[in-house]
Each structure stands twice: as C-alpha cells, then as structure tokens.
> 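This structure is in structure tokens; I'll ask about it shortly.
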Amino acid sequence: MDYKRLIIDRITLDGLDKQSVYDLITQPKDASMGDLCIPCFKLAKEMKKSPMAIADAIADSVSKGGMIKDVQSVAGFVNFTFDNALYAREVLDGVLKAGANYGKSDEGKGKTVCIDYSSVNIAKPFHMGHLLNTALGGAIYRIYKTLGYDVVGINHLGDWGTQFGKLIVAYKLWGDRNDIEKRGVRALVDIYVKFHKEEEKNPSLGDEARKWFKAIEDSNKEALELFEYFKAITLKEVDRIYKRLNITFDSYAGESFYNDKMQPVLDELTAKGLLVESDGARVVKFDGDTMPPCLLQRSDGATLYATRDMAAAFYRKKTYDFYKCLYVVAYQQNLHFQQVFKVLEMMGCEWAKDMIHVAHGMVSLESGAMSTREGNVVFLEDVLNTAVAKAKAVIDEKNPDLEGKQEIAEQVGVGAVLFGVLYNSRIKDMTFSFDKVLNFEGETGPYVQYTFARCNSLLEKSGGIGEEIDFSGLDNDSCKAILLLLDKYPELLKESARKYEPSVVTRFAVDLSQAFNKFYFEYKINSEKAGIKNARLLLTKSVKQALSNALGLLGIATPAKM
RNA sequence: GCACUCAUAGCUCAAUUGGAUAGAGCGUUCGGCUACGGACCGAAAGGUUGGGAGUUCGAGUCUCUUUGGGUGCACCA
C-alpha cells in the first residue's frame, strides 16, 4: 500500500504542490516521532512562510481517522502515526499474500541487464578476492531478476594470454598428469609458481613460453590440446564452487571467444580517425589529456585487454541489446573502464552511458596482497571447508541429534562466508582472516539463519494459525519496528538495485532478525490466547518469509533447523 | 608528479542521499536459562564523524583546502 499517497490525500491545505510534498515524505529517524513525516523546510522558500507555520497548517488540515491515527507538528516536521492494528493487518497481508514473491516488481519489464562478474582466470586459484566479486555479481543478478529485468550473467573467462604459454612450458618440464587429475588447479598453480621462480634464473624460459603461446594462436594441435585440458580442469573445479555458492551464468564467452571479433573494432576506430600511432603502438588519445591514452594494439600487432573489452561491448550490445551492462570488477581497474567507456562514446555509441563499472574493494591477507605467482593466496575451497567444519562442530555441541547435520553444516558454513563478504558496502577493502569468517555471533549469516529457524520452530509448535485474529496483540513498539521493516523491504530492494549494493539486503536481514529477536524475548506467542497468538504467529510467519526472500537473493540457504 | 578512492566508538562497519538526540556488531564490564531454540536477549562504558575553512534554516553527507591510507598511470590481464 502507498501510505505516502494516503497522506497526500488527507491533506486539504490549499496552495500546496502535492507532488513535491509527496516526494518529501520520509520515515523519521526516531521511530517514536511517528511512522512517516514531512520535513517542511524545503517548502518554506516557495511558500514564504516559516517551516513551523507550514507544518502547523498542514497538520491542521489533515483529517484523522482510519489508518492515520495521529498527526503532530513538531519543529518544522509533520509527523504521522498509523493505527497499529490496521497497519499490521495491511503489512502482514501484503507479505503473506505475496509469499516468495514479496519484494518482486515489474520495474524492469522488457529491459535486459548484462552482468559481467566472477570472470575466473583459467589455471589460477579461486581465492577470497574472487569470492567477493562472485558473491556481489550473483546477488546483483538475483536482485535485478526479482525486479523484473531480463538478466544475462556473463563469466568473461580469462582464457587467453601468454600465461598459457608459461603453463605449457611448466607442464612439459614438471607436469604430472596424475597429480593434476588428483589435485586439479592446485597442481597447476604449483608448476606455475615454479615457472616464475625458475624464469628468474633462466630467462630463456620466457621465450619458450611466448613460443608456445604463439603455437596456441596458430592452432598447433599439441598446444591447443593442452590449452583445452587446462581449461577443462579449471572449469570443473570452479563449477564445484559455483554450485556451493548458488551461482549460475548464462554465458561463458571469455577472452578467447573474442579473438576474431577485434579486427572490426580496430578497423572502425581507424576509419573514424581515432586510432593513432604512438611509439609503434596504436592508441586512442583523449581530449586535453584528461586520461592517459587507451592502448589497443601493441607494436607487434597483438591486441590487448582493452581491445577485447571493446569487442565484448559491441558483441553484447548486438546480441542482447542491453538496457544496462554492468561490470563487477575491483576498483583497481577504474582507469581501464573509464577509458573503454570513453572510447565507445567517442565512436558515437550512445549506449556508452549504459556501461557501468560496479567497482568493489580488494581483499588482502594479513600477510599482504594476494599473489598467485608468489603463492600468497588462500583458496576459497579451504575457507568454505573450514567454515563448514566449524558449523558442524557447533551443531555437534548444541544440537547433536539434529538430522542431516552435514548438509545443514554446509548451508551454515557457506552462508556465513557469503554473508560476511556481502555485509559491507562493496567499495570497502577487506583483510581476510579466519577469525572473522568463523565468527557465528552478532551480525552474521548464522545469526539470521538462527532467527529463521526460530521462526520456523515457533510455527511448527503452534499447531497452526487459527481464524480468530486480534491485531491488538501487535500493538507495541517491538512489533511496530518489525512491521516498518517488512513494509520497507520492496523499497529497499529497489534501492539495492539502483546502487548496485547487495549490502542493503544483507543489512535488512540483520535488522529484521534483531527486531524479531527483541520481540521474541519481550512477548509470548504460543502461550497467549487464540486471537493474540494468531496475530503474533502471522507476524512470525511474515518475518520467516522475508528472511527467506532476502537470504535467497544473497545465495544463502535457510535450513529449517540448525 | 597526476588521477581515482577511502577516512565515523579500541576493532569491523551503518546512517532513509542535506533533516530531529550520529546507530549496530565484535571486544570490555555487569545481568538474564524451571528454553515458545542462549548461534539469543538486556544494561553500562565507549564520539570534536582525520584537521581547517565555506555553502544554509540545517552538514558525517555538498564545495574548497590539508593530512594520512589504498589503487592505478603504454605495449600483462
């Protein structure tokens, strides 16, 4: 229900621009002030009256009754208070009728959003940095889908470049097929690290690597076979991780996919006179040197990262005709995307404005920045496994007779890790530590899951929700706080999408859990008489539903018991 | 050097985008199990929002400046 509209309709004051008043309506910071308010300060200029006088006049003109129980003018604010019982019925009805669809919208109908995320590098470990990226992309993917957009999840595989030459050399020197079959990417990483160590002593290895990469480009049979083999090994492992994280993609078109799609881009740039030679290489320069030039072709004719992204942009526009194309990539690459987007704009692509770099912070270790070459990485799988083991230990201690312990431990452990990386604004850097990941108390995934299980348990033990409902059982501050949160959820989802910030959803889940747990301790539910009990059960059921919807968007499971 | 970005409680972070007395969690101290699930709840302590100036009815939020951290600046991705 649109309560803002309701308020507007009740105001009978003349000479008021109702639309601008509508836009001013907001929730007071302090709930004791009321449920919605109009700060009148902005109206003061046009109306040439003091904010206090305007607030007084508006408040006086409002007819109370029904949903609007009270109106107060305080220091330039008009504060509206709802009738708690009516409001409760309205909100709970909305949540429960919609069920799993609560929060859904059709604002994205007919619009396609491409999301480039995860973009794993072949033969490199999937570490905590990738998790932040992947979890963000996956959540944004689901949030946009919920808002009615057609979403295309793209895993822009890092499956091209000289590192494959290096890997082939390393494999031929030290590779052990059995070991690779057994340990997968870890075995590849080991020989990759070894290559870089040996290369320092023996620089000719680098030439050898370049030779092998050229062989891949020339479709040499042996080189191509090994290349495909490394790719298969990596994808198998990565798919296993995606499955645990509830991540899916609609396209795996990566760097190698664009090999034959770059020349047309270079041709067009040349035709438009944008591509110029500089020190033997070809670049696009920017007016007034606002940015360093964008390098698109090396002096030896080879293409670069930016060239591939240009080709990918054109391909995506042509294939999907996107409304927006998001790149979930760490802020390290700010300049790169600014350059690529600007070049597109200079080429006359009006859709360049729809390209958005959703930048996020970087994950480092306490021992410094992560580096595959130096072997300073924490494999995500180890993190997940450790978290699951901890969850299992906690279950063994608190709930030893629980059925399906292993599966629930998986849901709780993985949920804790996912929740942890999605809790802060995406731009924040994070230093990974096991202590943080293994904390299951406070603002964490397990806390929210626990609250969900608690709701579930209450409903299970209630013996069902009867017909008789007395909403006065919800007429208290604790319930009110819950209702306000539930009511706000659809709006929060839109905010989350607009800002590309899954943390809005994560924080909602925590806020709602905190509000419910407070209520739970202050009031009895199942031991109350029927009318009150049923009203509180409806509230419980709504909270359970909202938590489930929110965690679902984050890719986190909701075990009924834990 | 230039560009981007961050700075809020001891620590990790919020703050409805310019609104009312800046809020949570962790940690610390104290309290609550005869459990509708203690992975919980309550209370206390903890702040010159890095510093300075400005814009206005009002600034953690906008502008300028300054300090400190992170990142990036040509043939890697």
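Order of the sequence lines sets the chain letters (A, B, ...), proteins ahead of strands, with each chain counted from 1.
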> So is A:Arg454 actually on top of A:Tyr520's ring, under 6.0 Å and inside 45° of the axis?
yes
> Measure from CD on A:Gln338 to P on B:C2 and round the result to the nearest Å.
17 Å
> Would you list the pairs meeting salt bridge (Lys or Arg N to Asp or Glu O under 4.0 Å) in which at least one residue belongs to residues 418-434 of chain A, sequence neighbours left out?
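Listed once each, the pairs would be none.
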> Going by distance alone, is a donor N or O of one side chain under 3.5 Å from an acceptor N or O of the other, for A:Asp309 and A:Tyr327?
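Side-chain D/A pair, A:Asp309 to A:Tyr327: absent.
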> Output yes when at least one side-chain N/O atom of A:Tyr450 is less than 4.0 Å from OP1 or OP2 of B:A39, else no.
yes
> A:Asp159 CG to B:A77 C1': how many Å, rounded?
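Distance, rounded to whole Å: 12 Å.
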> I want to confirm an ordering. Mapping A:Val74 and A:Ala369 to their closest nucleotides on RNA chain B, which one lands closer to the 5' end?
A:Val74
> Distance to the ring centre below 6.0 angstrom and angle to the axis at most 45 degrees; does that hold for A:Lys390 and A:Phe440?
yes
> In whole Å, I'd like the distance from the CE atom of A:Met291 to the P atom of B:C2.
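Between P of B:C2 and CE of A:Met291: 18 Å.
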> Quick one: do the A:Asp487 and A:Tyr3 side chains pair a donor with an acceptor below 3.5 Å?
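Judged by distance alone, the side chains do not pair up.
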> Side-chain contact, heavy-atom cut-off 4.5 Å: A:Arg507 with A:Asn424?
yes
> Measure from NZ on A:Lys518 to C1' on B:G42 and round the result to the nearest Å.
8 Å
> From CD1 of A:Ile525 over to P of B:C36, roughly how many Å is that when rounded to an integer?
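Nearest whole value for this atom pair: 11 Å.
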> When syn is taken as a glycosidic angle within 90 degrees of 0, is B:U17 syn or anti?
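Classified syn.
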> Which of residues 433-447 of chain A have a heavy atom under 4.0 Å from RNA chain B?
A:Phe440, A:Glu441, A:Gly442, A:Glu443, A:Pro446, A:Tyr447
